[in-house]
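Data first, discussion second: the structure below is written as structure tokens.
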Amino acid sequence: METATLILQILTLLVAAVGPFLAYKYARKLAVSSNRQAWIDALRDDVAHFIALKESRMMIMRDQARIDPGGMVTQRSTDELLRDKNIELQAARHRVRLRLRTGNAMHDRLAMAVEEFAKAGYEADRGPLRAEIVDAAEAVITHTWNKVERGE
């Protein structure tokens, strides 16, 4: 009978010692998962915002070129709008880049796609560049989402 009591006491101490450790590990996994989900959502928003800003800026430039092909007429409001779009576009570009981890092949692919799209002029065929950004972003997001699902 004393052996059973001793074993029960040892098991109780073991559960008391292991319980907080398991709770900590679970809480940490939950926090990492939550942070990754927030990162995925933010990256998704930043990439979409960057693409929309670039397209908006390109439409303004295209329309300005149609109105003033020789560049002789200055339109202060259009110039100010373009300046504001440029500033916002650069901020969006940097937000995407700063969310990525340099040296990771998938992240580097997205960073390069963002840079190529940022360089494209209004006369360029931006469709393939835009598709590359979306594909690269989806690869990064899917990879990260799979880590969330696996609890890594």
Side-chain angles (χ1 to χ4, degrees), residues 13-152:
L13 287 174
L14 188 62
V15 167
V18 172
F21 174 74
L22 293 176
Y24 168 77
K25 285 193 63 101
Y26 177 75
R28 188 170 183 280
K29 275 187 177 182
L30 190 61
V32 167
S33 175
S34 178
N35 289 340
R36 281 194 177 137
Q37 183 60 52
W39 180 85
I40 287 169
D41 292 341
L43 181 64
R44 205 180 269 138
D45 290 345
D46 287 345
V47 168
H49 186 67
F50 171 74
I51 291 171
L53 281 171
K54 177 67 175 181
E55 291 299 332
S56 173
R57 182 180 172 271
M58 291 298 100
M59 285 191 278
I60 292 167
M61 290 178 69
R62 184 193 63 222
D63 292 346
Q64 186 179 34
R66 284 185 188 155
I67 293 167
D68 184 21
M72 302 302 283
V73 177
T74 58
Q75 296 180 348
R76 185 171 168 78
S77 62
T78 303
D79 290 344
E80 288 175 4
L81 182 60
L82 274 174
R83 187 195 69 230
D84 292 345
K85 288 286 184 193
N86 282 337
I87 291 168
E88 199 175 349
L89 180 66
Q90 291 309 313
R93 181 178 134 246
H94 292 304
R95 261 194 316 276
V96 171
R97 294 281 319 253
L98 289 170
R99 287 196 191 281
L100 302 175
R101 192 176 63 213
T102 305
N104 177 293
M106 285 186 290
H107 290 230
D108 289 344
R109 176 182 168 211
L110 178 54
M112 287 186 344
V114 164
E115 290 305 314
E116 288 300 313
F117 192 63
K119 290 180 201 173
Y122 71 89
E123 70 286 340
D125 180 11
R126 293 181 310 280
L129 297 171
R130 190 174 42 249
E132 175 60 14
I133 288 177
V134 171
D135 290 347
E138 285 177 346
V140 169
I141 289 168
T142 299
H143 178 74
T144 305
W145 182 248
N146 288 337
K147 281 183 166 184
V148 169
E149 286 182 332
R150 288 190 307 263
E152 292 180 14

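Please read these numbers as outputs of a predicted model, since none were measured by experiment.
- Under the salt bridge (Lys or Arg N to Asp or Glu O under 4.0 Å) criterion, Arg101 pairs with no residue, sequence neighbours left out.
- For Glu55, the salt bridge (Lys or Arg N to Asp or Glu O under 4.0 Å) partners are Arg126, Arg130, not counting sequence neighbours.
- Partners of Ser56 under the side-chain hydrogen bond (donor to acceptor under 3.5 Å, both in side chains) rule, at least two apart in sequence or in another chain, are Lys85.
- Atom CG in Leu53 sits 11.0 Å away from atom CE in Met58 (nearest 0.5 Å).
- The shortest heavy-atom contact between Glu132 and Ala113 is CG-CB, 3.7 Å.
- Across every non-hydrogen atom of Ala111 and Arg97, the tightest pair is CB-NE, 3.6 Å.
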- [ ] Please step through side-chain contact (heavy atoms from CB on, under 4.5 Å) for the pair Arg109 and Val140, ending with a clear verdict.
- [x] CA-CA 9 Å; Arg109 176 182 168 211; Val140 169; over 6 Å; no
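- Between the CD1 atom of Ile141 and the CG atom of Asn146 there is a distance of 12.0 Å, given to the nearest 0.5 Å.
- Looking only at side-chain heavy atoms (C-beta outward), Ile51 and Val134 come within less than 4.5 Å of each other.
- A search for side chain to side chain contact (heavy atoms under 4.5 Å, CB included) contacts involving Ala118 returns Phe50, Arg93, not counting sequence neighbours.
- Taken to the nearest 0.5 Å, the OG1 atom of Thr144 stands 8.0 Å off from the CG atom of Leu43.
- Rounding to the nearest 0.5 Å gives a distance of 4.0 Å between CG of Asn86 and CZ of Arg57.
- Heavy-atom minimum distance, Val47 versus Val96: N-CG2, 3.9 Å.
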Open item on the list: Apply side-chain contact (heavy atoms from CB on, under 4.5 Å) to residues His49 and Glu88 and explain how you reach the verdict.
Closed with: CA-CA 10 Å; His49 186 67; Glu88 199 175 349; 3.4 Å; yes
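- The CZ atom of Arg99 sits 12.0 Å away from the CD1 atom of Ile40 when rounded to the nearest 0.5 Å.
- His107 meets the ring-ring contact (aromatic ring centres under 6.0 Å, His included) test with Trp39; sequence neighbours excluded.
- Take Asp41 and apply the salt bridge (Lys or Arg N to Asp or Glu O under 4.0 Å) test, not counting sequence neighbours, and it matches Arg44.
- The shortest non-hydrogen separation linking Ala120 to Leu129 is CB-CD1, 3.6 Å.
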